[in-house]
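Below, chain A is the first sequence line, B the second, and so on; all start at residue 1.
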There are 2 protein chains.
Amino acid sequence: MSTRRGSPTIVDVAREAGVSIKTVSRVLNHEPGVHESTRDQVLKVVEALRYRPKQSARSLAGGRSFLIGLLYYDPSAIFVGSVQQGATVRCRELGYHLVVESLHNDAPDLRQQIDRMVLALRPDGMILTPPLCDNPEVLAALRESGTPCVLMSPERDIRGVPSVRMDDVHAAEEITNLLISLGHRRIAFIKGPADQSASAARYEGFVNALRAHDIQPDPELVQPGAFTFASGRDAAHQLLSRRQRPTAVFASNDDMALGVLAAAQRLGLSVPGELSVAGFDDSPTAALVWPPLTTVRQPVAEMARTAVEMLVQGHRAEASAVDEAELHKVLPHELVVRDSTRAR
Amino acid sequence: MSTRRGSPTIVDVAREAGVSIKTVSRVLNHEPGVHESTRDQVLKVVEALRYRPKQSARSLAGGRSFLIGLLYYDPSAIFVGSVQQGATVRCRELGYHLVVESLHNDAPDLRQQIDRMVLALRPDGMILTPPLCDNPEVLAALRESGTPCVLMSPERDIRGVPSVRMDDVHAAEEITNLLISLGHRRIAFIKGPADQSASAARYEGFVNALRAHDIQPDPELVQPGAFTFASGRDAAHQLLSRRQRPTAVFASNDDMALGVLAAAQRLGLSVPGELSVAGFDDSPTAALVWPPLTTVRQPVAEMARTAVEMLVQGHRAEASAVDEAELHKVLPHELVVRDSTRAR
DNA sequence: CTGAAAGCGCTTACAG
DNA sequence: CTGAAAGCGCTTACAG
């Protein structure tokens, strides 16, 4: 009986395997320079004892916590869900754990909350989601503490700070191209709020596509919006009461597109028969409404997986000359064509 | 200069404050028996040095990790979001951190994944959400490891295992009462899948309310469903083509209620003019559809807060004679009356 | 009310 | 290819 009480420690494994604890440590950390037979013997004992090294001991002695932090402030619930799905799975594969913290973007004690996480837990890296990844106070606190970060979909990239994002301009261009290929020429666009960079990017993509097809952008067909259901509904009411109605509306996010759907229904306009509608985000609701919404799926889970990888690898690479281009990754999105768009 | 390199340790604080590290430890852990002036002096130095005790060292020495684990398997994204919101905030207030792990309910290596979390991290407690909280394998693994757990909305309570839930029967009763008070008598009900206990509970509440008002439950007005949009839509098609239509439909979750809305629209029936519709869950979509859905809000964030508290307090109380009734908490829900229901 | 000593379970240099 | 020693930064008994 080697395990008298509690769970086995590295000492139990070493004794049982007839080696020193240092050798057990080498095997567990995949360090080179261990004879294969020794390695096998150790692994056998590890298995038999169901031994797992204790994170707190490894962390204290080795300076790595095997913890990745995720900071978020209530972005749409679905966003958090996908981020976590991607992040926890990749963390597990790499032997890490994910610690989450929900912060208020303008909490008075934001700095203290971050300090608490960083100083007490010492995570090996931190993932920041919007809008926290654009908060100067948050970024400063993290930089001071020397905690490696990856920004997910930040407003704009920061030199030297890793980030992952998708290409909003290109995606908006693709969705506009789809509408054009369906024969639409009078295509309306509902913008997002001016203070979010995605708004400008999506609008840019929309205009690019029109121009590429020699379609003159009509200012009358561009309405402001706020990325909310109500703003989409109101914008649609404006657009659909124009003397010459658009045949398609590209709402630059799904919540607004749902508003457009509601407005069309209110006005007795059939979608997609009399009006095509496209959104952006692929929110869970997008597939549930009637008709199901054509939209763009953001690679959220993949971005989270990538963020974890960058953090873990970055730790290995230990700084040094990292190419700036390598620091800012752009992941492919996916056009989701459903029933809300149709050829005219 | 006391901090030559890296962040300050308890030794730095002790030296600076002119006391032993044991005294610093006492102050930080709110242990009694420290002179007030000594305490103040220590706290001043702690503040000045921005000192935070390192979790790994506390954990290794003290046997408490200050980590709470959250295990989930893709319940609706909104559910996870709310659980986390509630849990992380309460953890922060109590000096804990939340580690999340997304598991597959029927992964072949489920046991290993749990072991990894429990043995490596040694969380002080674990929160389980459906359907993991009903998975015997998960429960067994956790019991063996001696990790305290709280089950969130389990199918049924287990003696000796703490749980938090809402009262589905009562909530369904209330929503049915609302419909009855609006003058409805022919009220249809769409059931959930038979393998979920919430299905039976909600149906029970529905029947209770009818009986209390001397309304004979009509088998023709009860349709099976699967808690999905499509099943709700199909059930509604059945119900609304009956020779004598119901004047109200109570779908036992929101996704199905959205299906009912779609079906009604398809059939040219105005809601709530010709048909009242009620759901259950208060999903984010419920407020966005047209008309906004009358439903029941589950106190998800509050349940998570409570779960954290039970875990942290349980650790203090150190087992002993805990009242079984105290172990299973029922939190109040909230009726959300919106526009999809109207007096007939 | 306060402190000196031991120890938690690992990893990091450093030897051989 | 393998190991003995020191130490990470705290808390737990144990003294006084």
Quick check against the 3.5 Å criterion: does [X] have a side-chain atom that pairs as donor or acceptor with the backbone of [Y]?
X: B:D124; Y: B:I68; value: no
X: B:E101; Y: B:Y72; value: no
X: A:S25; Y: A:I21; value: no

Check: Taking atom C1' of D:dC1 as reference, at what distance in whole Å does atom CD of A:Q41 sit?
Finding: 16 Å
Margin query: Please confirm whether the shortest side-chain N or O distance from A:T38 to OP1 or OP2 of D:dT2 is below 4.0 Å.
Written below: yes
Check: C:dC1 phosphate, OP1 or OP2: any side-chain N/O from B:T23 under 4.0 angstrom?
Finding: no
Note to self: Does the protein touch nucleotides 7-16 of chain C at the base, only the backbone, or not at all? Give it as B, S and - per nucleotide, heavy atoms under 4.0 Å.
What the structure shows: BBBBBB----
Notebook entry, point to check: If we call it a pair only when both distances are under 3.5 Å in a Watson-Crick or G-U wobble match, what pairs with C:dA13?
Noted result: none
Checklist line | Nucleotide opposite C:dA4 in a Watson-Crick or G-U pair, distances under 3.5 Å | finding: none
Next item on the list: For this output row, return yes or no: ring centroids of B:Y73 and B:H104 closer than 6.0 angstrom.
Entry: yes
Check: Is there a donor-acceptor contact under 3.5 Å linking the side chains of B:R122 and A:S7?
Finding: yes
Check: Among the nucleotides C:dT2, C:dG3, D:dT2, which one has an atom lying closest to any side-chain atom of B:V34?
Finding: C:dT2
Check: Taking the side chain as C-beta and beyond, is there a heavy-atom pair between A:H328 and A:R165 under 4.5 Å?
Finding: no
